[in-house]
Asks: 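First the structure, then my questions, so here it is.
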Protein chains: 2
Amino acid sequence: MTSEKLDRRKKYTRMVLKDSLLQLLKQKSFSQVTVKEICERADINRSTFYAHYRDQFELLETIEDEIVMDMKQYMNTYNLQEKEDALKMTEKLISYFAAKQEELIILLNVSDETSFERKVREVAQASIRSEWIISEQTDQQLSSYLTAFIISGSVHVLKMWLLGGMEEPPHKMAKLINNLINHGIYGTDWEMFP
Amino acid sequence: MTSEKLDRRKKYTRMVLKDSLLQLLKQKSFSQVTVKEICERADINRSTFYAHYRDQFELLETIEDEIVMDMKQYMNTYNLQEKEDALKMTEKLISYFAAKQEELIILLNVSDETSFERKVREVAQASIRSEWIISEQTDQQLSSYLTAFIISGSVHVLKMWLLGGMEEPPHKMAKLINNLINHGIYGTDWEMFP
DNA sequence: AACTGTTTGTTGATAAACCAACACTGTGTT
DNA sequence: AACACAGTGTTGGTTTATCAACAAACAGTT
């Protein structure tokens, strides 16, 4: 049996365990899901579960890894076959996500945001909404994406900075974030950040 | 393991083989369906098929038997639990059929009607339609059922008579069929048929 | 602390499915 | 008639899943 050809039974077992976990995650958070439940829903013996996975964390990780590997392979294949610019590539990738919507929604909802992080995000969002004057002609949904982009980007950059020990001084970080917000990558004068 | 508790793998194998056969029967006649195809669609090894069934005929027969057994059990259970008259029982049975519509349509379509039989039916149907004056108030669909009932009944009775060696003389058969059409079972004077 | 119920993780014997291979049959083509 | 191809039915060794059972851990209740 070649390494590419997985035994049908294994293939089936893994598929139904994965699907069952995803279905359960629609109804409850990951921390509430038990191995017993997954197996009942999959109609698979518990000892079989343990033959494949150490625990439900490993099953989840496997599912996530599949997505990541799909993405990698997808991007690699795409790069090699067609010489398109970055915009088209982004479109294709988004289409791929769209195709995987049901699964991704579930997976992206698993890792719970810290309640503090959510608060930060909410405060920032309220502040932006109250202070920015948005053109009446700007599409509502688009402005929602815009603010989400800015806030998520900022929060994440701040998180990295905090977790990295705050090596850069605050004013430097402020400059960086502000420029990215206003001008994006190409509009930022990187000479400002030697 | 009690006789009631079927091994999960067996249960699964039989289910997917059954489903696969039914799906294939949606697309082609039974005579065109191969064991190889059923197994490919079910993603089950061919030797496994043969471990369960002698051939595709036995698989089909098994599916039909399940329906029949369901019907029997259904009717038995119903009879024991509630003392309703025949009309309500018929209603319940029809509801059961309705619930099994997808499967029954496929199964009832399997045994191909002979082309001759179809011709007979079509000729009779045309004749009835052209000669009978149906009240304008009669529901269209109901009159279709009526003619189908009469024709199917007649054709089947004739078939039995022919296959049985035509023991009864033609005029006797004509009388029987005619009376059944016009008066049904209770309206027929059975003294006419000693 | 003791108790109860549920879930976990593991075990070994058994059952079922898989896999590749083989010889044979039937069909269509040359 | 010979050939090629697809499908059939079978085989034996291997792999995987099942099953019931067990001891331990965990969570909630008293």
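All chains are named by letter (A, B, ...) in the order of the sequence lines, taking the proteins before the strands, and each is independently numbered beginning at 1.
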Asks: State whether A:Lys28 and A:Glu37 are salt-bridged, where the test is any N-O pair (Lys NZ or Arg NE/NH1/NH2 against Asp/Glu carboxylate O) under 4.0 Å.
Replies: yes

Asks: Do B:Glu61 and B:Phe57 have side-chain heavy atoms sitting under 4.5 Å apart?
Replies: no

Asks: Hey, does B:Gln56 have a side-chain heavy atom less than 4.5 Å from the side chain of B:Leu60?
Replies: no

Asks: Using a 4.5 Å cut-off on heavy atoms from C-beta on, say whether the side chain of B:Lys11 contacts that of A:Asp43.
Replies: yes

Asks: What is the bend of the helix from C:dA1-D:dT30 to C:dT30-D:dA1 when you compare the axis at one end with the axis at the other, using five pairs each and rounding to 10°?
Replies: 40°

Asks: Any non-hydrogen side-chain atom of A:Tyr53 less than 4.5 Å from a side-chain atom of A:Val35?
Replies: no

Asks: With under 30° as parallel and over 60° as perpendicular, where do the rings of B:Tyr12 and A:Tyr12 fit, or are they tilted in between?
Replies: tilted

Asks: When only distance counts, do a donor and an acceptor, one from the side chain of B:Arg9 and one from the base of C:dA15, lie under 3.5 Å apart?
Replies: yes

Asks: Using atom CZ of A:Arg8 as one end and atom C1' of C:dA20 as the other, report the distance to the nearest whole Å.
Replies: 12 Å

Asks: To the nearest 0.5 angstrom, please state how far the OG1 atom of B:Thr13 sits from the CZ atom of B:Phe49.
Replies: 12.0 Å

Asks: For A:Glu58, does its backbone N or O pair with a side-chain atom of A:Asp55 as donor and acceptor, under 3.5 Å?
Replies: yes

Asks: To the nearest Å, how far apart are A:Phe49 CZ and C:dT7 C1'?
Replies: 13 Å

Asks: Can you measure B:Lys10 atom NZ to D:dC19 atom P for me and round it to whole angstrom units?
Replies: 11 Å

Asks: Is there side-chain contact between A:Glu66 and A:Lys18, with heavy atoms separated by less than 4.5 Å?
Replies: yes

Asks: What are the residues of residues 34-47 of chain B, sorted by number, that bring a heavy atom to within less than 4.0 Å of DNA chain D?
Replies: B:Thr34, B:Val35, B:Lys36, B:Arg46, B:Ser47

Asks: Could you tell me the separation between the CD1 atom of B:Ile63 and the CG atom of B:Leu22, rounded to the nearest 0.5 Å?
Replies: 4.5 Å

Asks: Whole Å only: how far is the CG atom of A:Asp7 from the C1' atom of C:dC19?
Replies: 8 Å

Asks: Hey, can you pull the residues of residues 50-58 of chain A with a non-hydrogen atom under 4.0 angstrom from DNA chain D?
Replies: A:His52

Asks: Whole angstrom is fine here: how far is it from CD in A:Gln32 over to P in C:dT7?
Replies: 13 Å

Asks: Going from CD on A:Gln23 to CG on A:Leu21, what distance comes out if it is rounded to the nearest 0.5 angstrom?
Replies: 10.0 Å

